[in-house]
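Position 1 is the first residue of the sequence, and the numbers go up from there.
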Amino acid sequence: MQTRFTELIGCRVPIQLAVLGGIGTPQLAYAVAAAGGLGMVGATDLGREAIVAAFDTSATPPAREQHVGIGFLIPFVDRDTVAAVAPLVQVIEFFYGDPDPALVELACSRGAKVSWQVGSAEEAAAAADAGCDFVIAQGVEAGGHVRGTVGVLTLLDEVLNAVDLPVLAAGGVATPRGMAAALAAGADGVRVGTRFLLAEEASTHPDYRSAIIAAKAGDTVLTEAFKVYWPDAPHRVLRSSLDAASNTSGSSSGATSPSGRAIPLFAVSPPSDLVSGPIAALPHYAGESVGAATAILPAADIISQLAEGAEAQLRDRIRDLRLT
């Protein structure tokens with residue numbers, strides 16, 4: 001399954017791990033990379049020193065040679081951190097802000113490939129003009145913070161018409177059939193998040209895992225409610241967590257952070273396995289593909305199921321069309 005994306009990155013399968021804020025770990029990123037995809041970790045979760053420590057010493061060969069990247073959120077981006085980690089990883093990704101040529105150049109000048117996750121064709125064109133190597137088209141179906149306002153296949157078509165770069169499809173992709181559909185529609189790969197909340201290497205709280213396993217596509221909702229620390233940013237969560245937060249009185253969610261501090265009600269942070277206390281009122285980020293996340297598996301198994309299944313789907317469809 002070679003595409004422009006796999007040729008650019010050098011990975012074996014056209015799958016990128018989404019940045020799972022608060023949940024993704026370097027171990028998960030490395031596991032995805034070892035299985036043939038592009039592993040990602042969020043810079044906001046770790047901080048500069050922790051990122052440098054994790055990716056400068058935790059693996060041999062280094063992260064840059066293992067198809068691992070770091071994702072930065074524009075509202076919280078620190079340029080010194082970009083400069084410090086760009087030489088250590090293969091990809092630097094930016095999200096949730098207008099494409100910035102200076103940021104792209106900062107990462108590129110230190111040897112990293114640069115991507116931008118976008119929610120419109122106009123934003124994709126701006127990313128291309130800024131010098132990005134590839135873009136991710138994020139549909140409104142996506143879990144977590146959402147840039148897109150239309151469905152992923154509609155957006156994908158618009159972005160493919162707007163740029164001549166490798167384009168990944170993000171939002172609602174969690175099954176072989178969904179991956180095959182995106183590739184058949186012209187995507188050079190897919191970005192998968194919700195399915196990896198159940199990866200063994202993710203730091204997902206056990207109760208959060210259980211809620212994901214029990215949920216269906218109709219159980220998610222797009223909201224701006226979880227706005228403490230990051231206001232005015234739409235995000236998709238399980239409706240049950242929004243209901244729990246809405247029905248909680250006071251200013252505390254009832255949960256405690258790993259540092260021992262009370263987590264405010266409607267705070268942006270999801271429940272990792274290091275959070276203590278009741279986590280029902282914390283944001284349970286999940287995309288509309290949540291119904292396909294039904295089993296806790298190693299990341300390598302998730303990758304193989306998606307890639308091998310999508311390849312089979314495409315092969316069978318081509319055979320059926322030829323017979324017709």
Q: Report the relative orientation of the aromatic rings in Phe134 and Phe5; use parallel for angles under 30°, tilted for 30 to 60°, perpendicular for over 60°.
A: perpendicular
Q: Check the side chains of Gln2 and Thr6 for a donor-acceptor pair under 3.5 angstrom, ignoring hydrogens and angles.
A: yes
Q. Just by distance, do the side chain of Asp273 and the backbone of Thr204 share a donor-acceptor pair under 3.5 Å?
A. no
Q) Mind checking whether Met1 and Leu17 sit in one hydrophobic cluster, side chains of I, L, V, M, F, W, Y counted as touching below 4.5 Å? A) yes
Q. Do the side chain of Arg12 and the main chain of Ala35 share a donor and acceptor less than 3.5 angstrom apart?
A. yes
Q: Over 60° means perpendicular and under 30° means parallel, so classify the ring planes of His145 and Tyr96, tilted if in between.
A: perpendicular
Q. How many angstroms lie between atom CZ of Arg147 and atom OG of Ser120, to the nearest 0.5 angstrom?
A. 7.5 Å
**Q.** Within one Ile-Leu-Val-Met-Phe-Trp-Tyr cluster: Leu274 and Ile212, side-chain cutoff 4.5 Å
**A.** no
(Q) Between Glu288 and Lys216 (salt bridge meaning N to carboxylate O under 4.0 Å), is one present in this structure? (A) no
**Q.** Derivation and outcome, salt bridge (charged side-chain N to carboxylate O under 4.0 Å, His left out), residues Arg191 and Glu93
**A.** CA-CA 12 Å; Arg191 177 184 176 95; Glu93 176 184 289; 2.7 Å; yes
Q: Carefully, step by step, assess His67 and Met40 under the rule side chain to side chain contact (heavy atoms under 4.5 Å, CB included).
A: CA-CA 9 Å; His67 314 312; Met40 300 293 297; over 6 Å; no
Q: Identify the two heavy atoms, one from Arg209 and one from Ala199, that lie closest to each other, and give their separation to 0.1 Å.
A: NH1-O, 3.1 Å
Q: Of all the heavy-atom pairs spanning Gly69 and Leu38, show the shortest one and how long it is.
A: N-CD1, 4.3 Å
Q) Ignoring hydrogens and geometry, is there a side-chain-to-backbone donor-acceptor pair from Glu201 to Pro298 under 3.5 Å? A) no
Q | Which atom of Ala86 lies closest to which atom of Ala112, heavy atoms considered | A | O-CB, 3.7 Å
Q. Short question: side chain of Ser246, backbone of Leu242 - any donor-acceptor pair under 3.5 Å?
A. yes
Q: Using the rule that two of Ile, Leu, Val, Met, Phe, Trp, Tyr join whenever any of their side-chain heavy atoms come within less than 4.5 Å, decide whether Leu265 and Val268 are in one cluster.
A: yes
Q | Phe226 reachable from Leu73 in the ILVMFWY side-chain graph, under 4.5 Å edges | A | yes
**Q.** For Val173 against Val192, the heavy-atom pair lying closest together
**A.** O-CG1, 3.6 Å
**Q.** Residue pair Ala187 / Leu160: nearest heavy atoms and the distance that separates them
**A.** N-CD1, 4.4 Å
(Q) Rounded to the nearest 0.5 Å, what separates atom CD1 in Ile74 from atom CZ in Phe95? (A) 10.5 Å
**Q.** Chi angles and distances behind the salt bridge (charged side-chain N to carboxylate O under 4.0 Å, His left out) call for Arg79, Asp100
**A.** CA-CA 12 Å; Arg79 291 173 185 264; Asp100 182 345; 2.8 Å; yes
Q) In terms of side-chain geometry, is the basic nitrogen of Arg236 or Glu141 positioned less than 4.0 Å from the acidic oxygen of its partner? A) no
**Q.** Euclidean distance, Gln90 CD relative to Cys11 SG, rounded to 0.5 Å
**A.** 7.5 Å
Q. Is there a chain of hydrophobic side chains (I, L, V, M, F, W, Y, each step under 4.5 Å between heavy atoms) that links Leu238 to Tyr285?
A. yes
Q.
Any carboxylate oxygen within less than 4.0 angstrom of a Lys/Arg side-chain nitrogen, looking at Asp164 and Arg4?
A. yes
Q: Could you tell me the separation between the CD1 atom of Ile279 and the CG atom of Asp207, rounded to the nearest 0.5 Å?
A: 4.5 Å
Q. Atom CG in Asp133, atom CD1 in Ile92: separation rounded to 0.5 Å?
A. 11.5 Å
Q: Check whether the ring centres of Phe76 and Trp230 lie less than 6.0 Å apart, and answer yes or no.
A: yes
(Q) Show the nearest heavy-atom pair for residues Val163 and Ala124, with the distance to one decimal. (A) CG1-O, 3.4 Å
